[in-house]
Engineer: 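Okay, here's the structure, questions in a sec.
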Amino acid sequence: MEGKRISNNEVVKILEEILAAMEIKSANSFRIRAYQNAVSILDNLTVSIYDLWENKKLQEIPGVGPGIAAHLNELFSTGQVAEFEQAKEDLPEGMFEFLELRGVGAKRAFKLASAFKINSRENARERLLEAGEAGKIRNLEGFGEKTEEKIIDAIKEQKKSKNEKQRMLLTHAEQIVERIKEHMVKCKEVKEVVACGSFRRRNPTVGDLDIPISTTNPEKAIKHFLKFDEILEVVNQGEKKATVILKNDIQVDIYMSTPEAFGSMLQYFTGSKQHNILLRTYALSKGMSLSEYGIKKGGKLKEYANEEDFYKELGLPCIVPELRNGNYEIEAAKENKFPKLITPEDIKGDIHVHTELSDGVNTIEEMVEKAKALGYEYVGITDHAPSVSSRGMGTVLKMVSDTRKKIEEINESQKDIKVLFGYEVNILVDETLGLPDDILKDLDIVIAGIHAAFDQDKGKITARYLAALNNPYVDVLSHPAGRMINERDGTDPDWRKVFDAARESNKILEINAQPDRLDLPDDLIKEAIEWGVKLIINSDAHALEQMDFMKYGVFNARRGWAESKDIVNTLPYKEFVKELGIG
DNA sequence: GCCGTTTTCGGCCCGACTGTTTTCAGTCG
């Protein structure tokens, strides 16, 4: 199928505009909800909607039925949707530029654009800003001085962060959460502080922080929270919740709960939204209604101090946060068919570690000591391979033999840990590898990865991966999706071909644990496992402390439903080397 | 418009906060 490739973000934006149009025209509220539901699912999809369309799998997306699928089909085939264009025809076009402003929804956007006759998208926000600064917004019915001020702020805020606000990395969020916790425990009435939301689900990136607080004195706890010295601005505060913006531009929402009802609070704010919607729908079918305060049964509210009891009431096992993504977890829970997810303690070694011999900062000895401290049975020293073309074969051969000698010495001098020797070699544009087979064949480990020319088309990227997988000396494909979170999208090979080739050649795909890579991504991990592909989690550390990144790789693997049997570096040394065909 | 553990027809998630109102609409999570 040949069509117009439109990104997920663009698709979501188009649907959000249609949603706004429907709301203004008071379309059937259930139809609106169906669209909202579909949009929220599409927005959280990590696979390309366009690709799903190409493979005729649109209707496999939950929330997308024949109607929306037909519209998307038209969108991808022709670049627009006639019905959508029609629905937007008699609306002032400028309003669609207002939807992204904080505190402005469909109704206000429409009123504003209509009142000031802002009929085109061009300069729409600037014109609204002008109207606001001239004090004209406050005179509109339903608006007032404060709303005017908020709209002005929202436009300025948008201008400031022209590119949509980036979500922070999980590791960054962890540090902020730690500081908030440290502050909150100083309040005696605070019993528990748990950061929920995407943070607790171990999403690779976190937007806002949602933090339920278990307390015997909500008033005092909120007051105490507002004294946190990193707060820049209090957006709102009530008796049960408060919203603030921190100096680093991160929004934090706190919610007060009694210890007796803390379980439902945790459940509710851990989400995901989609998980909760599905869970509520399921509960409803059993005559129960869920909220952050508990479960209502026959009009009576019952509270839950912990999440286990909450899920138990629904007849379900407690679903681990990493799986609460609204995919298949509730189905699995109903049948009690959960994988026994891998844990950080299962990891027995790390075979993707760089040293000062390439772009790392520490020596081989230092990295080995750190691996020992982590309790590993083995560690692989796998620097970037020296380039034959720039150094010449003679120099490269000497570097390889020197490094090998050093590693042999380390292995002879101690028995606590086995050190393996290998390289991370580039998969070059011409589909060859960065080192000749003659050198590769004597290495313990060969990790092949793409480090340049990521933006080749699907066919070429796929061919490079297949060539690497067909090399008999390659063991592992590093960071296969090639993404750098917040910096660049991944490469986009034909994953089925890559998975097939990996399985057939008994090669291993890496789950790179660098917080800004987490590559493979979780959805591809799940797919790879289903296709029978073996995986390994590596830190790709370039410094001592980066070896601690392993846990992020494990979190990511858990989000991809991985068990320890799916991850080869959970194997003890003897079985691991057998798996890799070493020795 | 979507979807199925009472359903292929007839339902569809819930509550807090703000600002503008004087009983509530709009927005957000």
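No hydrogens, no waters, no symmetry mates; every other heavy atom, side chains included, goes into these values. Lettering of chains follows the sequences in order, A, B, ..., and the numbering in each one begins at 1. Small disclaimer: the values here were computed from a predicted structure and weren't measured.
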Engineer: So, OP1 or OP2 of B:dC12: does either fall under 4.0 Å of a side-chain N or O from A:Ser29?
Structural biologist: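 For B:dC12, neither OP1 nor OP2 has a side-chain N or O of A:Ser29 closer than 4.0 Å.
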Engineer: If I take atom CG in residue A:Asp208 and atom P in nucleotide B:dC28, what distance separates them, rounded to the nearest angstrom?
Structural biologist: 12 Å
Engineer: Can A:Glu322 and A:Arg559 be counted as an ion pair, charged N to O under 4.0 angstrom?
Structural biologist: no
Engineer: Would you call the rings of A:Tyr255 and A:Phe269 parallel, tilted or perpendicular if under 30° counts as parallel and over 60° as perpendicular?
Structural biologist: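 It falls in the parallel class, under 30°.
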Engineer: Looking across every strand, which nucleic acid part, if any, lies under 4.0 Å from A:Lys286 by heavy atom: base, sugar-phosphate, or nothing?
Structural biologist: nothing
Engineer: For A:Ser289, report the nucleic acid contact type (base, sugar-phosphate, nothing); a contact means any heavy atom under 4.0 Å.
Structural biologist: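 Answer is sugar-phosphate: A:Ser289 comes under 4.0 Å of backbone atoms only.
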Engineer: Any idea which of B:dA16, B:dT27, B:dC12 is nearest the A:Tyr293 side chain?
Structural biologist: B:dA16
Engineer: Tell me the interatomic distance from A:Glu145, atom CD, to B:dT18, atom C1', rounded to whole angstroms.
Structural biologist: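 After rounding, the reported distance stands at 15 Å.
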Engineer: Under 4.0 Å, heavy atoms only, any strand: does A:Tyr35 hit a base, just the sugar-phosphate, or nothing?
Structural biologist: sugar-phosphate
Engineer: Regarding A:Tyr268, tell me which of base, sugar-phosphate or nothing describes its non-hydrogen contacts under 4.0 Å with the strands shown.
Structural biologist: base
Engineer: Specify the residue among A:Ala242 and A:Glu83 whose closest nucleotide of DNA chain B lies further upstream toward the 5′ end.
Structural biologist: A:Glu83
Engineer: Among B:dT5, B:dT18, B:dG1, which nucleotide sits nearest the side chain of A:Lys334?
Structural biologist: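 Minimum distance to the A:Lys334 side chain belongs to B:dT5.
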Engineer: For B:dC3, which nucleotide in any strand shown is its Watson-Crick or wobble partner with both distances under 3.5 Å?
Structural biologist: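 B:dC3 is paired with B:dG10.
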Engineer: Please determine whether a side-chain nitrogen of the Lys or Arg among A:Glu174 and A:Arg202 lies less than 4.0 Å from a carboxylate oxygen of the Asp or Glu.
Structural biologist: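 Here A:Glu174 pairs with A:Arg202 in a salt bridge, since their nearest N and O are under 4.0 Å apart.
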Engineer: Tell me the interatomic distance from A:Ile32, atom CD1, to B:dG26, atom C1', rounded to whole angstroms.
Structural biologist: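 Distance check: A:Ile32 CD1 to B:dG26 C1' gives 14 Å.
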Engineer: On DNA chain B, does the nearest nucleotide to A:Lys111 precede the nearest nucleotide to A:Val235 from the 5' side, or the other way round? Give the residue.
Structural biologist: A:Val235
Engineer: With a 4.0 Å cut-off on heavy atoms, is A:Leu278 in touch with a base, just the backbone sugar-phosphate, or nothing at all?
Structural biologist: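 It contacts nothing in the nucleic acid.
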Engineer: Would you confirm whether A:Asn8, through its side chain, and A:Ile49, through its main-chain N or O, come within 3.5 Å as a donor-acceptor pair?
Structural biologist: yes
Engineer: Does the structure place the NZ or CZ of A:Lys302 under 6.0 Å from the centre of the six-membered ring of A:Phe310, at an angle of no more than 45° from the ring's axis?
Structural biologist: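 No, a cation-pi geometry is absent between A:Lys302 and A:Phe310.
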Engineer: Does a distance-only test, which skips hydrogens and angles, find a donor-acceptor pair under 3.5 Å between the side chain of A:Tyr255 and the base of B:dG15?
Structural biologist: no
Engineer: Remember a base hit wins even if backbone is also touched, and classify A:Leu290 as base, sugar-phosphate or nothing at under 4.0 Å, heavy atoms.
Structural biologist: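 Here A:Leu290 touches the backbone only, sparing every base.
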Engineer: Give a yes/no answer on whether the side chain of A:Lys241 brings an N or O atom under 4.0 Å of OP1 or OP2 in B:dC17.
Structural biologist: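 Indeed not, no polar side-chain atom of A:Lys241 lies that close.
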Engineer: CD of A:Glu292 versus C1' of B:dC17: gap in Å, rounded?
Structural biologist: 13 Å
Engineer: Would you indicate, yes or no, if B:dG29 has its OP1 or OP2 atom less than 4.0 angstrom from a side-chain nitrogen or oxygen of A:Lys240?
Structural biologist: no
Engineer: What's A:Ala38 touching, base or sugar-phosphate or nothing? Going by heavy atoms closer than 4.0 Å.
Structural biologist: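 Nothing, no nucleic acid heavy atom in range.
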Engineer: Whole Å only: how far is the CG atom of A:Leu72 from the P atom of B:dG1?
Structural biologist: 13 Å
Engineer: For the side chain of A:Lys146, starting at C-beta, report the closest nucleotide among B:dC14, B:dC2, B:dT20.
Structural biologist: B:dT20
Engineer: Report yes or no: do A:Asp253 and A:Thr243 form a side-chain donor-acceptor pair below 3.5 Å?
Structural biologist: yes
